[in-house]
Participant: 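Before I ask anything, here is the structure I am working with.
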Protein chains: 2
Amino acid sequence: MAGLTAPLLGLEKKSLREQALSALRTAITSGELEPGRHLVETELSEMLQISRGTLREALRQLEQEGLLSAGPRGRLSVRHLDEKEIRDIYAVRAALESLAARSLCELPDRQHVTESLHKAIDAMTAATTGTLEERIESDLEFHRTLCRLTGNETLLHSWESLEGSIRMSIMFAGLEKGVSNMSVDRHKDIVGAIDTGDATLARKTILEHMDTAAANLVA
Amino acid sequence: MAGLTAPLLGLEKKSLREQALSALRTAITSGELEPGRHLVETELSEMLQISRGTLREALRQLEQEGLLSAGPRGRLSVRHLDEKEIRDIYAVRAALESLAARSLCELPDRQHVTESLHKAIDAMTAATTGTLEERIESDLEFHRTLCRLTGNETLLHSWESLEGSIRMSIMFAGLEKGVSNMSVDRHKDIVGAIDTGDATLARKTILEHMDTAAANLVA
DNA sequence: CCAGTATCGACTGTAAACAGTCGACTTATG
DNA sequence: CATAAGTCGACTGTTTACAGTCGATACTGG
């Protein structure tokens with residue numbers, strides 16, 4: 001049994017809370033737990049086979065991410081998004097990602113950045129032959145990479161806190177509409193703009209991308 | 001006992017979790033719970049006279065707000081901010097608030113907006129004769145109002161999720177440095193720019209305000 | 001029949017107890 | 001003396017039980 005591989009040494013055992021968080025986030029953003037649905041702690045804890053205390057910790061986080069809304073007496077339900085809310089979410093998303101794009105343009109050495117973004121583009125290209133879900137995942141991964149590459153942890157965290165709302169927006173609009181915003185060419189334009197090092201151009205490209213995306217979602 | 005006033009009818013009893021959240025947020029952002037301090041659940045729950053379960057829910061939220069960082073084995077400690085992190089926080093803050101400013105310029109009817117902002121300015125003016133804490137509160141209230149007036153709930157929520165980090169940045173720099181960014185005149189400039197309805201000017205004013213603020217904090 | 005009161009079930013909020021992991025320290029062994 | 005094994009305390013993660021609030025329904029009295 002000698003010679004354990006490095007990945008095994010780095011194994012991370014996920015807590016029940018984290019597992020519940022993931023499962024619930026997926027169930028909500030996929031529509032399985034439908035908008036407006038009242039989440040009853042006792043039911044959910046039985047379904048997930050965890051205690052109510054553990055579940056509550058996960059639910060609190062989802063509430064903070066904007067996926068759940070608290071009704072009277074602390075009752076949590078899956079949030080419903082109307083058109084205005086989707087537009088609002090995309091406006092904030094645009095603000096964060098345009099900051100990311102500008103920040104990347106201002107980096108002294110952009111080579112590793114563009115390499116990583118090209119990899120993310122390749123992944124998007126590969127996903128065009130996959131399922132709608134795969135295309136959405138690769139798209140969101142591209143945008144997350146954009147934020148991550150800035151090295152601004154606060155920016156990445158803010159974006160990730162918005163990710164659930166973004167996913168719900170796509171779900172509300174329907175996956176086909178969502179995917180219509182995920183063309184590889186338009187993302188190549190973003191990378192191209194960043195490549196030029198022109199922060200104003202990069203910002204403008206992102207803002208336009210997000211304007212179009214929001215308009216498509218609410219059409 | 002007839003004739004209860006409307007405010008009494010609207011009384012909201014805060015849960016222990018919410019009370020703990022407030023108390024902890026204040027203790028952290030004021031420096032009472034100092035950066036790097038390991039928060040031991042059993043100690044804190046005894047101090048606050050609440051159960052560990054209730055405390056955990058509050059701590060989770062503070063972690064998500066960026067005020068605490070999780071170390072090995074789930075141990076939470078008060079986050080320490082270095083200069084880069086402060087700059088990063090202010091960059092994200094600038095992105096959010098400049099979106100707010102641009103959004104306000106695009107509103108069809110800006111009269112009630114400018115009235116509210118002028119009120120916030122008046123409160124800042126009144127606070128100049130008060131304590132440093134009062135000045136910081138009135139400043140943050142001005143900026144929160146900026147975001148709230150847009151009617152974009154996602155934007156307000158994102159800003160509020162950042163507020164703790166903002167407060168900690170000010171605390172790290174020292175209150176005097178923080179207050180140096182809170183001159184009434186500079187905030188009047190922001191309102192003035194929004195008054196013109198020129199979204200580009202308003203955005204630029206905010207970005208400059210935040211650039212200067214960050215530079216002052218890390219100087 | 002209607003209004004007031006009582007009861008009960010369905011929750012959420014909270015506390016107390018149990019369980020597991022780790023590091024520091026002590027003890028045993030070669 | 002150095003190393004390995006054992007023990008224990010200090011936590012965090014989780015479960016179970018208790019407590020309170022509310023709405024819906026049933027009951028009672030005028």
Side-chain angles (χ1 to χ4, degrees), chain A residues 1-2 4 8-25 27-28 33-79, chain B residues 1-2 4 8-25 27-28 33-79:
Chain A
M1 288 296 142
L4 291 178
L8 275 187
L9 289 180
L11 261 191
E12 280 202 18
K13 183 174 155 82
K14 298 188 73 173
S15 67
L16 289 182
R17 188 191 96 248
E18 281 172 330
Q19 290 176 57
L21 189 57
S22 280
L24 288 169
R25 207 186 263 126
I28 290 165
L33 288 175
E34 67 278 6
R37 165 91 176 259
H38 171 206
L39 301 188
V40 183
E41 289 177 7
T42 44
E43 282 177 17
L44 268 195
S45 66
E46 207 170 299
M47 256 199 307
L48 294 171
Q49 289 292 296
I50 58 173
S51 75
R52 274 184 52 226
T54 305
L55 173 69
R56 287 176 65 85
E57 291 189 30
L59 292 178
R60 287 289 162 220
Q61 182 156 345
L62 292 172
E63 186 190 358
Q64 208 169 352
E65 285 178 16
L67 270 58
L68 304 178
S69 32
R73 300 145 62 195
R75 298 182 164 214
L76 294 175
S77 55
V78 177
R79 192 170 163 212
Chain B
M1 291 297 139
L4 289 178
L8 275 187
L9 290 180
L11 260 191
E12 278 201 21
K13 182 175 155 82
K14 298 189 73 173
S15 66
L16 289 181
R17 189 192 93 250
E18 280 172 332
Q19 291 176 54
L21 188 57
S22 280
L24 287 169
R25 207 187 264 126
I28 290 164
L33 288 175
E34 67 279 2
R37 164 91 177 260
H38 172 207
L39 301 188
V40 183
E41 289 177 7
T42 43
E43 282 179 16
L44 268 194
S45 66
E46 208 172 297
M47 257 199 308
L48 294 170
Q49 290 291 299
I50 58 173
S51 77
R52 275 186 49 230
T54 305
L55 173 67
R56 287 177 65 85
E57 289 188 33
L59 292 178
R60 287 291 162 220
Q61 183 156 342
L62 293 172
E63 185 190 357
Q64 208 168 353
E65 285 178 16
L67 272 59
L68 304 178
S69 35
R73 301 145 63 198
R75 299 182 164 214
L76 294 176
S77 54
V78 177
R79 191 170 163 211

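Treat the numbers as computed from the prediction; the structure is a model and nothing was measured. Every chain is numbered from 1 and lettered A, B, ... according to where its sequence line falls, protein lines coming before strand lines.
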Participant: From dT12(D), dG13(D), dT15(D), pick the nucleotide closest to the side chain of V40(B)?
Facilitator: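 Selected nucleotide (nearest to the side chain): dT12(D).
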Participant: Quick check for you: to the nearest 0.5 Å, what is the distance between I50(B) atom CD1 and L55(B) atom CG?
Facilitator: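 Reported to 0.5 Å precision, the distance equals 5.0 Å.
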Participant: Over its full length, what angle do the end axes of the helix from dC1(C)-dG30(D) to dG30(C)-dC1(D) make, each axis taken from five pairs and the result rounded to 10 degrees?
Facilitator: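 The end-segment axes of the helix from dC1(C)-dG30(D) to dG30(C)-dC1(D) are tilted 20° relative to each other.
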Participant: What is the nucleic acid contact for R17(B), judged by heavy atoms within less than 4.0 Å: base, sugar-phosphate only, or nothing?
Facilitator: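 Sugar-phosphate, no base atom in range.
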Participant: How many Å lie between CG on L55(A) and P on dT15(D), as a whole number?
Facilitator: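 To the nearest whole Å, that distance equals 10 Å.
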Participant: Would you classify L59(B) as touching base, sugar-phosphate or nothing, given that sugar-phosphate means primed atoms plus P, OP1 and OP2, and contacts are heavy atoms under 4.0 Å?
Facilitator: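 No contact at all - L59(B) keeps every heavy atom at 4.0 Å or more from the nucleic acid.
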Participant: With sequence neighbours left out, which residue pairs that include part of residues 37-46 of chain B fulfil the side-chain hydrogen bond (donor to acceptor under 3.5 Å, both in side chains) condition?
Facilitator: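 Listed by first then second residue: E41(B)-R52(B), E41(B)-R56(B).
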Participant: Charged N to carboxylate O under 4.0 angstrom, R60(B) versus E63(B)?
Facilitator: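 Looking at R60(B) and E63(B), the cut-off is met.
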Participant: For G36(A) and S77(A), which heavy atoms make the closest approach, and how far apart are they?
Facilitator: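 In this case the closest contact between G36(A) and S77(A) is O-CB, 3.8 Å.
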Participant: Below 4.0 Å from chain A heavy atoms, what is the first contacting nucleotide of DNA chain C and what is the last?
Facilitator: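 First and last nucleotides in contact are dC11(C) to dT14(C).
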Participant: For the CD atom of Q61(B) and the CG atom of L68(B), what is their distance to the nearest 0.5 Å?
Facilitator: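 Interatomic distance, Q61(B) CD to L68(B) CG, rounded to 0.5 Å: 11.0 Å.
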Participant: Hey, could you give me the OG1/CD distance between T54(A) and E18(A), rounded to the nearest 0.5 Å?
Facilitator: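 CD of E18(A) is found 12.0 Å from OG1 of T54(A).
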Participant: Can you tell if the side chain of V78(B) reaches within under 4.5 Å of the side chain of L67(B), non-hydrogen atoms only?
Facilitator: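 In short, these two side chains do not touch, never coming nearer than 4.5 Å.
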Participant: May I ask you to list the residues of residues 62-79 of chain A, by number, that have any heavy atom positioned under 4.0 Å from an atom of DNA chain D?
Facilitator: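 Within this stretch, R73(A) sit under 4.0 Å of the strand.
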Participant: With the side chain counted from C-beta on, respond yes when L24(B) and L44(B) share a heavy-atom pair under 4.5 Å apart, and no when they do not.
Facilitator: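 In short, these two side chains touch, coming nearer than 4.5 Å.
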Participant: Is there a residue in residues 46-54 of chain A whose heavy atoms reach under 4.0 Å of DNA chain D, and which residues are they?
Facilitator: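 The answer is I50(A), S51(A), R52(A), G53(A), T54(A).
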Participant: Rounded to the nearest Å, what distance is computed from the CZ atom of residue R60(B) to the C1' atom of nucleotide dT14(D)?
Facilitator: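 Spelled out: CZ on R60(B) to C1' on dT14(D) is 12 Å.
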Participant: Is there a donor-acceptor pair under 3.5 Å between the side chain of Q19(B) and the backbone N or O of K14(B)?
Facilitator: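 Side chain of Q19(B) to backbone of K14(B): a pair is present.
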Participant: List the steps, then state whether side chain to side chain contact (heavy atoms under 4.5 Å, CB included) holds for L16(A) with L48(A).
Facilitator: CA-CA 10 Å; L16(A) 289 182; L48(A) 294 171; over 6 Å; no
Participant: Got a sec, which residues hit side-chain hydrogen bond (donor to acceptor under 3.5 Å, both in side chains) with E34(B), two or more places apart in sequence or on another chain?
Facilitator: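 For E34(B), no residue satisfies side-chain hydrogen bond (donor to acceptor under 3.5 Å, both in side chains) once neighbours in sequence are set aside.
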Participant: Can you tell me how far CD of E65(A) sits from CD1 of I28(A), rounded to the nearest 0.5 angstrom?
Facilitator: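 The distance works out to 9.0 Å.
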